[in-house]
Amino acid sequence: AVGGGAMGAADKLLERFTPWYGALEVAPPKAREEEQSRALEAFIDEAAPLEQGEAQAKRQRLLVELQDMLNKWVMRKLEEKHAMFQGDVETEVAGKLFVSGSYRLGVNTRGTDIDSICTIPIPLTRDEFFSEEDGMVALLRKRPEVTYVNAVTGARVPIIEVVWDEIELDVLCAIVQRGLVPQTPEELLDDKILIGMDEASQITLNGPRVTELMALLVPNMKTFKLALRCVRHWAKQRGLYSNKIGFLGGVNWALLVAFVCQLFPSAAPSTLLRQFFYLYKSWKWPTEIRLCHPYEVEGMDARQWEAGRTQGEVCPIITPAYPCMNSSYTVSKYTLRIMLNEFSRGFERCKGAENEKSVSADNWGPLFKSHEFFLQYATYIVIKATCPEEDMLNRWSGWVEARIRRLLDELDRFSMNEIYPYPKRLAHDGVLVPADKVLDAGLDDGDEDSKEDGSDADAAANKDGSEQQGKELGDGAATAKKKRFGCYWYVGIKPHPINSVRQGSTIDMSSAVASWCATIKSWPERVDGMEVAVALTKWKDLPDDPDLFPEGRAAAKARHKWWVQRTKAENARVRQQVQGSIMVDEAAVAAEKAAVEAAGKEASSNADASASPDKIAVKKEEQLEESEDEARASAVKDEVESDGEAVDKGEDAQNNIERMQQVLHKRAREEKEVTEASEKVRNVSTNFHELPRVPGIDTNRPVKLHISSGKA
């Protein structure tokens, strides 16, 4: 939070940040809720303790040394360019280090990295900062405490990945178009520093600016921090913590928690946690989450996020700092569905903990139970990145990991009921990883394990594709002769029990995988030996690695069978529901036909013999439309009756499933129409459950911020 001496400046700064919604409830917490919160805090202190003592002091010393290194480097480069430092040497620095993320918010646990942002003035350049000869990269490599330095200069936002005294650092650079860089967080939040700044620097500064704003915009920093600690630990335990893969990252979760804190400013942390799950399981996505109203800055024309501008955004979480951006653009419909299910589960577990007669920290344990990703599926997609040298692996795996979402987009073209990317990469050091099938061999429906997950379409066999992909993998005897370094990612998949029939008995993903692999290998910085492989693995062939099965795969087999039976039951339920909807559709067609006949009789009885020619012409058109409706209704009824007989008698299972699929397609079209209509309504009013909007603001016109006065 902000210190007492800076509160006046902070209050003045916040004048332009009007909350998007008003508070829903301001009543103080009850004694029971405060007791529950103390039990929750006791649980999280043991399960995910904050880094304290010597470990925290070690981080602080590291940042002091990095700040000193940065300042000396900037001063030296300015002297080389014969440029004068425009600040006070005694009280100000030429290059300023800011931090963002969990460390800045005070919720960092052991092993978390530090997001550090180096601000440097003109006339210094980004190329000089990332120089391997005389830049910060070179200085970091020379330090004995630094064991790893990887400069990723080809990214949209260049970054230096550092391991300093066993602490991971992400070092970014922002170039300020002025002679003196901002010295305090309040100066960092001054939008004037963005004038003339390149896009990479704007995105870089968005991290610390958003973090500083959250610290100012939440009504109670103490409750916010405890709730955020719980949500972060929950997301990691449930396999939801990775914006690169398609879930949410640290800033996303922090924004969601801050929004709940705004709606319930006086709530106890345990209540905030319950409201967090309830709100987001019920939220009408893609309605955006905002902490404050957007505003424009005079003299700047930065592109800001607007609803409906970008297609495919299913879970927009908007940053509060100018220019506002969607921080969760990586979320897909599959990962959103997974998170919604987890929100519902979290809400039920919170209610269960609060409803216990005795208040105890143990009551909160079920909420944070680890996700059973490696027990839940019968088939997994395995992605493997390999390199001939270990120091290449991090750059290559980072490139591959950032593009796994594109592979999932390719898989979306197929009939998948669930696509779940595991958010962590695995090394499998010293563990045999069998790959029984290659992905471009397809999903084989006749396989023994396809029956395990209860699905009707699993894998397609393609011998030629399998052999070709096997040659590309190089995982045979030739690879065994030479040491290769690699890492793995897993994606759990469940084919749809009905829709997959449109692919026949197989789902061939060969072209999708080949296209994705070609895209990955087109990386300009790729060198010979950097390879990527995609394969299918059945559960029985997963490696017996403690990272997958902490107690061993044999001990996990019984639980895996439980998941198999559950999937079978879910698939059977879907089929029964669709069969039932076929009979319902038959009744609906009969009712529609009766309604058409009744309307025709009523029209005939009300006919006026003395009507004008125009009225007679209109009535004839109505009768013609009614006849066409009757013909269509009769045709549909005959079709449904014939299909219904097949369903009832079970004479043709394939036709049965195809008919189910037709019903699903019809339902999908109807749902699309409803969605489009709802979207039009949402564009008129974006209120969610009648949340109280802050009055006095025209939300259709952004607030203009004049740089000269600094007031909205």
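In this structure, Glu46 places its CD atom where only 12 or fewer heavy-atom neighbours from other residues, nucleotides or ligands lie under 6.0 Å away. The number of heavy-atom neighbours closer than 6.0 Å to CD of Glu168, taken from other residues, nucleotides and ligands shown, is 12 or below. Residue-environment remark: CG (Asp301) stays at or below the threshold of 12 foreign heavy atoms within 6.0 Å. Atom NZ of Lys58 has more than 12 neighbouring heavy atoms from other residues, nucleotides or ligands inside a 6.0 Å radius.
Classification of Asp198 and Arg126 as a salt-bridged pair holds, one side-chain N sitting under 4.0 Å from a carboxylate O. Using a cut-off of 4.0 Å between Lys/Arg side-chain N and Asp/Glu carboxylate O, Arg110 and Glu51 are scored as not salt-bridged. Looking at Glu212 and Arg104, a side-chain N of the basic residue comes within less than 4.0 Å of a carboxylate O on the acidic one, giving a salt bridge. For the pair Arg156 and Glu199, the salt-bridge criterion is met [side-chain N within less than 4.0 Å of a carboxylate O]. Taking 4.0 Å as the cut-off between side-chain N and carboxylate O, Arg38 and Glu35 do not count as a salt-bridged pair. A salt bridge does not link Glu342 to Arg349: none of the charged side-chain nitrogens sits closer than 4.0 Å to a carboxylate oxygen. Ion pair Asp191/Arg209 flagged as a salt bridge, since at least one NZ, NE, NH1 or NH2 atom sits closer than 4.0 Å to an Asp/Glu carboxylate oxygen. Ionic pairing of Arg143 and Glu65 is present here: one or more N-O contacts between side-chain nitrogen and carboxylate oxygen are shorter than 4.0 angstrom.
Looking only at distances, a side-chain donor or acceptor of Ser116 sits under 3.5 Å from a matching main-chain atom of Asp170. Under the 3.5 Å distance criterion, the side-chain polar atoms of Gln183 are matched with a main-chain donor or acceptor of Val93. Not a single donor-acceptor pair under 3.5 Å links the side chain of Glu33 to the backbone N or O of Pro269. Remark: the backbone N or O of Leu263 is not paired with any side-chain donor or acceptor of Glu25 at under 3.5 angstrom. Ser328 contributes a side-chain N or O that, together with a main-chain N or O of Cys315, makes up a donor-acceptor pair within less than 3.5 Å. With hydrogens and angles ignored, the 3.5 Å screen pairs a side-chain donor or acceptor of Glu128 with a backbone N or O of Thr125.
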| task | Take Thr335 and Ser332, measure what side-chain hydrogen bond (donor to acceptor under 3.5 Å, both in side chains) needs, and give me the verdict at the end. | result | CA-CA 5 Å; Thr335 53; Ser332 68; 3.1 Å; yes

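For the pair Arg232 and Trp253, the cation does not sit on the ring face, since its NZ or CZ is not both under 6.0 Å from the ring centre and inside 45° of the axis.
Under 3.5 Å, the side chains of Ser327 and Asn252 contain a donor-acceptor pair of N or O atoms. No hydrogens or angles considered: a donor-acceptor pair under 3.5 Å links the side chains of Ser370 and Gln237. Counted by atom type alone, Thr204 and Asn206 present zero donor-acceptor pairs between their side chains at under 3.5 Å. Side-chain contact, Asn394 with Tyr148: a donor N or O sits under 3.5 Å from an acceptor N or O. No donor-acceptor contact under 3.5 angstrom links the side chains of Gln36 and Asn363, judged on distance only.
The aromatic ring centroids of Phe276 and Phe347 lie 6.0 Å or more from each other. Between Phe43 and Phe368, the distance from one ring center to the other falls under 6.0 angstrom. Here Trp234 and Tyr241 keep their ring centres 6.0 angstrom or further from each other.
Between Phe343 and Phe277, the ring-plane angle classifies as tilted under the 30° and 60° cut-offs. The aromatic rings of Trp285 and Tyr280 sit parallel, their planes meeting at an angle under 30°, below the 60° perpendicular limit.
Using a 4.5 Å heavy-atom cutoff, the side chains of Val163 and Leu169 are not in contact.
In this structure, Arg405 CZ and Lys244 NZ are separated by 10.0 Å, a value rounded to the nearest 0.5 Å. In this structure, CE on Met221 lies 12.0 Å from CG on Leu226, to the nearest 0.5 angstrom. Taking CG from Leu205 and OG1 from Thr119, the interatomic distance works out to 7.0 Å, rounded to the nearest 0.5 Å. Going from atom OG of Ser100 over to atom CE of Met214 covers 9.0 Å, rounded to the nearest 0.5 Å.
Leu188 pairs with exactly one of Ile193, Val181, Val176, Ile117 by the side chain to side chain contact (heavy atoms under 4.5 Å, CB included) rule, that one being Ile193.
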